[in-house]
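Proteins come first, then strands; the chains are lettered A, B, ... in the order of their sequence lines, and each starts at number 1.
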Amino acid sequence: MIGAIVKEKVVSALEGLFNMAFTEKDFQVNQTKPEFEGDYTVVLFSLVKSLKLSPDELGNKLGSELIKRSPELFTGFNIIKGFLNLTIAESFWLDLLKENYQKEEYGKHAPNGVKVMVEYSSPNTNKPLHLGHLRNNFLGWSIAEILKASGNEVIKSCIVNDRGIHICKSMLAWKLFSNGATPESTNQKGDHFVGDYYVKFNDAYKLEVDALVAAGQSKADAEKNAPIMQATQEMLKKWEEGDPETIQLWKMMNSWVYAGFDETYKKIGSDFNRTYYESETYLLGKDTVQDGLEKGVFFRKDDGSVWIDLTADGLDEKLVLRKDGTSVYITQDIGLAQDKYKEYGIDKSIYVIGDEQNYHMKVLKLICQKIGLPYADSIYHLSYGMVELPTGKMKSREGTVVDADDIVAEMNAIAAKHTAELGKVQDFAPEALNELYDTIGLGALKFFLLRVDPKKKMVFNPEESVDFHGFTGPFIQYTHARIKSILRKEKIDPAFEGIDSDKLFPLEKSLLVSLEQYEDIIAQAASELNPSVIAIYAFNLAKTFNSFYAEHSVMQAETESKKQLRLRIAAMTALVLSSSMKLLGIRVPERM
RNA sequence: GGUCCGGUAGCUCAGUUGGAUAGAGCAUCAGCCUUCUAAGCUGAGGGUCAUUGGUUCGAAUCCAAUCCGGAUCACCA
């Protein structure tokens, strides 16, 4: 905000001085580096040339003019090597503090009337969630919150991949190997239970393939001819024909999985306003293809299959309907994109999907544009990188996946261990302790997965990643708890009026400058669709507060005025820490 | 091979869209708990920003080429 105000002021000062038009793009305004005096800096180089002045001359003119025009905002300036460093009036920072130190909604933007759908999570019903899914869920949830905070109306959606050959694999394995076992009978979480049968299928399949290869078949033939695979194909056919027995088995196993997912979602805090099931959407989009054929968007090949030619866009030809008239992956995505519009009238659509689908999403957007979907230009693929282990990629076949439920439980256990060692909350009741472990453990995990740029792949080291010191969630939570401890002991006097007369110490000022930026940070995170912007901001704010905390006492402040000032700064810092962590889906405790 | 993404300290990552002496955390070393919570604070060491060339007042950032890593280019989803 203040950055924008400074720019505005500079533009009008320049126009007044030189009697010509300027825009905010003609120069840059940055925060002044700590080693120089001042708060915000105008970079003069880009103006020097056109105005034919030396940087010093221009700086002096501009600096004086700014102070002359806005003495209430600018109180001083200096020029160093082409940089005009401006000092902002203390009253500006103090007013900001006075107005906002207890405003819950501080930093949030007014509604902008834009409706956006965020689709995320999108699980398969044949295996439990793993670490990669967690990154997806945390990203999606956080992006939705950030968009809300920046004024958008947000609909969180989820598409469940509940049909297809892979689902039939676990169904068949259950039929063959379970002897009627259920999650209840084995005391297992439903998604893990079903996931185990998916693994059992693959084991059995591999044995059959090996046997056929040993008997002289080629690998490709063996993979096709393995009896268990053929039985699976048969089952998929039955499912598509609506065979009651198959459908019933499918429903039963899905219900197990959903029960497991619900538990995990509840634990990690994911929720959705609208859930789509692929079993209900997989036939969508065929009409659109017919339509597009007539309009010439698609074309039919001799064998009857339907394609779109994207070579002009630098891509290939892409199939949208098989020769037998059945649809493919992209077909239903086209249909679903239209349904979303019909149901909600959305202006934007964000898909949180891994970067291995960059090509697919590019094709989807192009097709939506060509068939004239109203919001097609605002389809955005929030593409995120894989989560890898120090040993390399996670591979389910090699048992190197980090299971979501396991890692959440492990983080809780570590939180419990640290908390016990520190011994600060021994008076907590057991339920309160468990809640605290949840808050800290999950906070550490979420922060770890959200603090890096989504599009980058990341390494998760089970040993090092669970650190609770430094650039972590618990560090910020701890800072919040520290502040709350002060505020429990010393109350703010809301009627106190005499704060203005005091000169701010550098760390007091730094905190206020940081707090002032919160609104801009939300806007930046929303426009970049990047929660790490928030994470980095919250960390820096907490760090500044901790330095302040070590340097200055709140309760033993030099004067009553200083005490009231610092209490307000502390309260507002706690507020913004809590608010920004909430945008990441992370709770902050009162004590820890 | 085509397309896209990435390469910054021993490790994991920032770098405000071209600005001041490239910054954090972890790890290492040295200090700080009779004073508001030490999950903290202060300081030190650690860099050919993959390489080469170009653009200009000025490049980690923009352009070109090269090297390395990854993803993708299915009538799977």
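Annotation: B/C13 and B/A27 have their C1' atoms spaced 15 Å apart (nearest Å). B/A24 and B/C41 have their C1' atoms separated by 16 Å, given to the nearest Å. Taking atom C1' on both B/U16 and B/C76, the two are 43 Å apart, rounded to the nearest angstrom. For the C1' atoms, the distance linking B/U51 with B/C57 amounts to 26 Å, nearest Å. For the P atom pair drawn from B/A22 and B/C29, the interatomic distance equals 27 Å after rounding to whole Å. Nucleotides B/G23 and B/G47, compared at atom P, are 14 Å apart to the nearest Å. B/A14 sits 37 Å from B/C33 when the P atoms are compared, rounded to a whole Å. Taking atom C1' in both B/G1 and B/A60, the straight-line distance is 31 Å, to the nearest Å.
B/G18 atom C1' lies 11 Å from atom CG of A/Asn30, rounded to whole Å. Rounded to whole Å, atom C1' of B/U16 lies 18 Å from atom OH of A/Tyr518. Per the geometry, CD1 belonging to A/Ile330 stands 12 Å off P belonging to B/C73, to the nearest Å. Atom CD in A/Gln31 sits roughly 15 Å away from atom P in B/G19 (whole-Å rounding). Atom CD in A/Gln233 sits about 11 Å away from atom C1' in B/C76, given to the nearest Å. Rounding to whole angstrom units, NE2 of residue A/His480 and C1' of B/G40 are separated by 17 Å.
Nearer to the 5' terminus of RNA chain B, by closest-nucleotide assignment, is the contact made by A/Val29 (compared with the other of A/Trp307 and A/Val29). Place A/Met555 and A/Phe539 on RNA chain B by their nearest nucleotides, and A/Phe539 ends up nearer the 5' end.
An OP1 or OP2 oxygen of B/U72 is reached within less than 4.0 angstrom by no side-chain nitrogen or oxygen of A/Lys362. In this model, the phosphate group of B/A20 is not approached by any side-chain N or O of A/Thr41 to a distance below 4.0 Å at OP1 or OP2. Applying the 4.0 Å criterion to OP1 and OP2 of B/G25, one finds that A/Arg451 has every side-chain N and O outside that range. Between A/His360 and B/U72 there is no side-chain N or O to OP1 or OP2 distance below 4.0 Å.
Using a 4.0 Å heavy-atom distance criterion, A/Lys455 is classed as a sugar-phosphate-only contact. Within 4.0 Å of A/Glu528, counting heavy atoms only, lies at least one base atom of the nucleic acid. The residue A/Thr479 sits apart from the nucleic acid: no heavy atom pair falls under 4.0 Å. At a threshold of 4.0 angstrom between heavy atoms, the contacts of A/Met458 are confined to the sugar-phosphate backbone, with no base atom among them.
Comparing atom distances between the A/Asn546 side chain and each of B/A20, B/C41, B/C73 picks out B/C41 as nearest. Taking only side-chain atoms of A/Val328, from C-beta outward, the nucleotide of B/A77, B/A20, B/U37 with the closest atom is B/A77. Nearest to the side chain of A/Tyr359, among B/C13, B/C73, B/C26, sits B/C73. Comparing atom distances between the A/Phe471 side chain and each of B/A77, B/A38, B/G25 picks out B/G25 as nearest. Of the candidates B/A77, B/A20, B/U37, the closest approach to any side-chain atom of A/Phe83 belongs to B/A20. Nearest nucleotide to the side chain of A/His166, out of B/A77, B/C36, B/G25: B/A77. Side-chain proximity of A/Tyr478 to the nucleotides B/G40, B/C13, B/A20 is greatest for B/G40. Distance from the side chain of A/Lys457 is smallest for B/G70 among the nucleotides B/G70, B/A20, B/C75. Comparing B/U21, B/C26, B/C36 by their nearest atom to the side chain of A/Lys81 picks out B/U21. Listed nucleotides B/C41, B/C36, B/C13 differ in distance to A/Lys489; the shortest reach to its side chain belongs to B/C36.
Between the side chains of A/Gln332 and A/Tyr276, no donor-acceptor pair is found at a separation under 3.5 Å. Between the side chains of A/Ser279 and A/Asp162, at least one donor N or O lies within less than 3.5 Å of an accepting N or O. In summary, the side chains of A/Glu528 and A/Gln524 do present a donor paired with an acceptor at a separation below 3.5 Å, with no hydrogens or angles considered. Judged by distance alone, the side chains of A/Asp56 and A/Ser54 never bring a donor and an acceptor atom under 3.5 Å apart. No side-chain donor from either of A/Ser514 and A/Thr544 sits under 3.5 Å from a side-chain acceptor of the other.
Classification of A/Asp453 and A/Lys455 as a salt-bridged pair holds, one side-chain N sitting under 4.0 Å from a carboxylate O.
Using cut-offs of 30° and 60° for the angle between ring planes, the A/Tyr537 and A/Tyr518 rings count as parallel. Between A/Phe447 and A/Phe471, the angle of the ring planes goes over 60°, which puts this pair in the perpendicular group of the 30/60° scheme.
Not a single donor-acceptor contact under 3.5 angstrom links the side-chain atoms of A/Asp162 to the base of B/A77. Judged by distance alone with a 3.5 Å cut-off, a donor-acceptor contact links the side chain of A/Asp303 to the base of B/C75. For a distance-only test at 3.5 Å, the side chain of A/Ser532 fails to qualify as a donor-acceptor partner of the base of B/A14.
Base orientation of B/U12: anti, the glycosidic angle falling outside 90° of 0. Glycosidic conformation, B/C33: syn, with the torsion inside 90° of 0.
Both the sub-6.0 Å distance and the 45° axial angle are not jointly satisfied by A/Arg451 relative to the ring of A/Phe539. The cationic group of A/Lys301 lies under 6.0 Å from the six-membered ring centre of A/Trp307 and within 45° of the ring axis, placing it in a cation-pi geometry.
Of the residues listed (A/Thr573, A/Ile486, A/Ile483, A/Val554), the one engaging A/Tyr549 in a side-chain contact (heavy atoms from CB on, under 4.5 Å) is A/Ile486, and it is the only one.
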Contacts under 3.5 Å, N or O only, protein and nucleotides 57-62 of chain B:
none

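Using Watson-Crick or G-U wobble geometry with both donor-acceptor distances under 3.5 Å, B/C33 finds no partner in any strand shown.
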